[in-house]
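Naming convention: chains lettered A, B, ... in sequence-line order (proteins, then strands); numbering from 1 in each chain. Nothing here was measured: the structure is a model prediction, and the numbers come from that model.
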2 protein chains.
Amino acid sequence: MAYTKPGVTRNRIYQFVRQRLLDGEPPTVREVQTAFHMRAVQSAKSHLDALVKEGRLVKVPGKSRGYRLPGTKHSSRLAPILGRVPAGPFNIAVEEIEGYIPVRFNSEEQTVFGLRVNGDSMMSAGILHGDVVLVRSESEIHQGDIVVAMIDGEATIKEFRRVRNRIQLRPHNDAYPILSPKPEDLTIIGKVIEVRRYLEAISLIDEELNG
Amino acid sequence: MAYTKPGVTRNRIYQFVRQRLLDGEPPTVREVQTAFHMRAVQSAKSHLDALVKEGRLVKVPGKSRGYRLPGTKHSSRLAPILGRVPAGPFNIAVEEIEGYIPVRFNSEEQTVFGLRVNGDSMMSAGILHGDVVLVRSESEIHQGDIVVAMIDGEATIKEFRRVRNRIQLRPHNDAYPILSPKPEDLTIIGKVIEVRRYLEAISLIDEELNG
DNA sequence: TATGATAACAGACAAAAGTATGTTTTATTA
DNA sequence: TAATAAAACATACTTTTGTCTGTTATCATA
């Protein structure tokens, strides 16, 4: 390729690699080479080496497609949207995936998934029918958190309250009653950590699982 | 590894590969092999081949780490959140970036950015104070769209209406009036395509662009 | 228990990808 | 303008990874 001023191609390569990593497709050295019309592998390699040395990239030596963004803790992953709330444990419910949405993960291993809201019991909290809520299971639940709970095999989204050793599930809609289920009928699925509303038809279903 | 009932190891391998792909780290055949303590590469390979044949995975032949989830365009990018609505044009407001959030892009080059909601004029549409709206500029605006508009240098979020050759900006809160600004005082910044509410403190600021 | 299907194993080869050494060309700056 | 640093090139070698052929073991079912 044509000679550029110092740093210019470097930055372009960084952007390219970064984009590929965000897309979940780590490039090879030679893919970088051809993407920038270089005639030698080493041209790409030395840029990548430099980016690692500068700390802008991280590399697993020897492994193919081994370049990564540093500080992978705060990266975006795709979380599945579970179409319906399944009766069994969530790991088994993979068949009912409605689609995937990009989510920011702050820790390494966390179970975050999306859930389509059904009904308007949380309307006055700004959670409307059709919204997608992001739920983290294996999460500590505190007073006032909005949670996804299973009562007698049915799933609902409510505000969590503990009142005198008894659990209350409060709707945010005057038309609905406060629930006080027996502990044995109740399972807290997880905590709602985010609400999303898509005002435009965006197909999240473009990567359906056929299995 | 020990012999399992037909389909069992198949599904486990699928889960493993899927998780790796969601994490942005496509595995090699041999990585699958060792993850499942198999003594032959072919053991892993034949399972992967079968998953492709079943349509549960997709593969780029020949390429290393070439297994993908079917139909994955994997086009999530990070969009900037502009802290405050600036007075000038938006391109210049890059210094006021509050952070980045992952966004699903359906097309190639589109100008999508986030904006922190200030005020409760859209409350009954489920857009609350502190929410982040995703705005696409360069977007066609239709009757009833929710838009970000600049009126006399001040930015607001309202529903867009065209009534007898005159533009109306309607709040979704009875305490606010309908606006009918003069065309020369009005600039439509873009269309709100998504609303997000973070119920938990998530630092969005950790992913600065180094280049 | 016989039989076909699935699972796991073994070893080898070919292609892809990482790495290394040295040279030429261009940019930067003193 | 000369010296230095950075960029790009050429080629070769090593390791990793994908793929192939064939065999043995276990499962499912009649």
Rounded distance (nearest 0.5 Å) linking atom [atom1] of [X] with atom [atom2] of [Y]:
X: A/Ile189; Y: A/Arg136; atom1: CD1; atom2: CZ; value: 15.0 Å
X: A/Ile127; Y: A/His172; atom1: CD1; atom2: NE2; value: 8.0 Å
X: B/Leu51; Y: B/Lys59; atom1: CG; atom2: NZ; value: 13.0 Å

From [atom1] of [X] over to [atom2] of [N], roughly how many Å is that when rounded to an integer?
X: B/Lys53; N: C/dA7; atom1: NZ; atom2: P; value: 13 Å
X: B/Lys45; N: C/dG11; atom1: NZ; atom2: C1'; value: 16 Å
X: B/His47; N: C/dA7; atom1: NE2; atom2: C1'; value: 6 Å
X: B/Leu51; N: C/dT6; atom1: CG; atom2: P; value: 14 Å
X: A/Arg68; N: C/dG18; atom1: CZ; atom2: C1'; value: 14 Å
X: A/Leu48; N: C/dA17; atom1: CG; atom2: C1'; value: 13 Å

Between B/Val8 and B/Gly62, name the one whose nearest nucleotide on DNA chain C is closer to the 5' end. B/Val8

Toward the 5' end of DNA chain C, which comes first, B/Lys63 or B/Arg30, by nearest nucleotide? B/Arg30

Is a side-chain donor or acceptor of B/Thr28 paired with a backbone partner of B/Glu31 at a separation under 3.5 angstrom? yes

More than 12 heavy atoms from other groups under 6.0 Å of CZ on A/Arg166: yes

Under 3.5 Å, is there a donor on one side chain and an acceptor on the other for A/Asp23 and A/Gln19? yes

With no hydrogens and no angle check, do the side chains of B/Tyr198 and B/Asp131 hold a donor and an acceptor under 3.5 Å apart? no

What is the nucleic acid contact for [X], judged by heavy atoms within less than 4.0 Å: base, sugar-phosphate only, or nothing?
X: B/Ser46; result: nothing
X: A/Gln42; result: base
X: B/Ala2; result: sugar-phosphate
X: B/Thr4; result: sugar-phosphate
X: A/Ser43; result: base

Can you pull the contact range of chain A along DNA chain D, 5' to 3', using atoms under 4.0 angstrom from its heavy atoms? D/dA6 to D/dT17

Work out which heavy atom in [X] is nearest to a heavy atom in [Y]; give both atom names and the distance.
X: A/Met1; Y: A/Thr4; result: CE-CG2, 4.3 Å
X: A/Phe16; Y: A/Pro27; result: CE2-CB, 4.2 Å
X: A/Arg39; Y: A/Gln33; result: C-NE2, 3.7 Å

With A/Tyr3 via ring pair (Phe, Tyr, Trp, His ring centres under 6.0 Å) - residues at least two apart: none

Determine, for A/Arg68 against B/Glu25, whether the closest basic-nitrogen to carboxylate-oxygen distance falls under 4.0 angstrom. yes

Please test A/Asp120 against A/Leu128 for side-chain contact (heavy atoms from CB on, under 4.5 Å), starting from the C-alpha separation and ending with a verdict. CA-CA 6 Å; A/Asp120 57 355; A/Leu128 310 184; over 6 Å; no

Using the C1' atoms of five pairs at each end, what's the angle between the two axes of the helix from C/dT1-D/dA30 to C/dA30-D/dT1, to 10 degrees? 50°

Which of residues 32-41 of chain B sit near DNA chain D, with a heavy atom under 4.0 Å from it? B/Val41

Protein-nucleotides 23-25 of chain C N/O pairs closer than 3.5 Å?
| unit_1 | atom_1 | unit_2 | atom_2 | d |
| --- | --- | --- | --- | --- |
| C/dT25 | O2 | A/Tyr3 | OH | 3.4 |

Between A/Ser64 and C/dG18, is there a side-chain N or O to OP1/OP2 distance below 4.0 Å? no

Comparing B/Lys59 with B/Lys5, nearest DNA chain D nucleotide closer to 5' gives the residue B/Lys59

Apply salt bridge (Lys or Arg N to Asp or Glu O under 4.0 Å) to A/Lys45 and A/Asp49, showing your working. CA-CA 6 Å; A/Lys45 177 82 160 57; A/Asp49 285 344; 3.0 Å; yes

Inter- and intrachain pairs under salt bridge (Lys or Arg N to Asp or Glu O under 4.0 Å), touching residues 5-16 of chain B, at least two apart: B/Arg10-B/Glu54

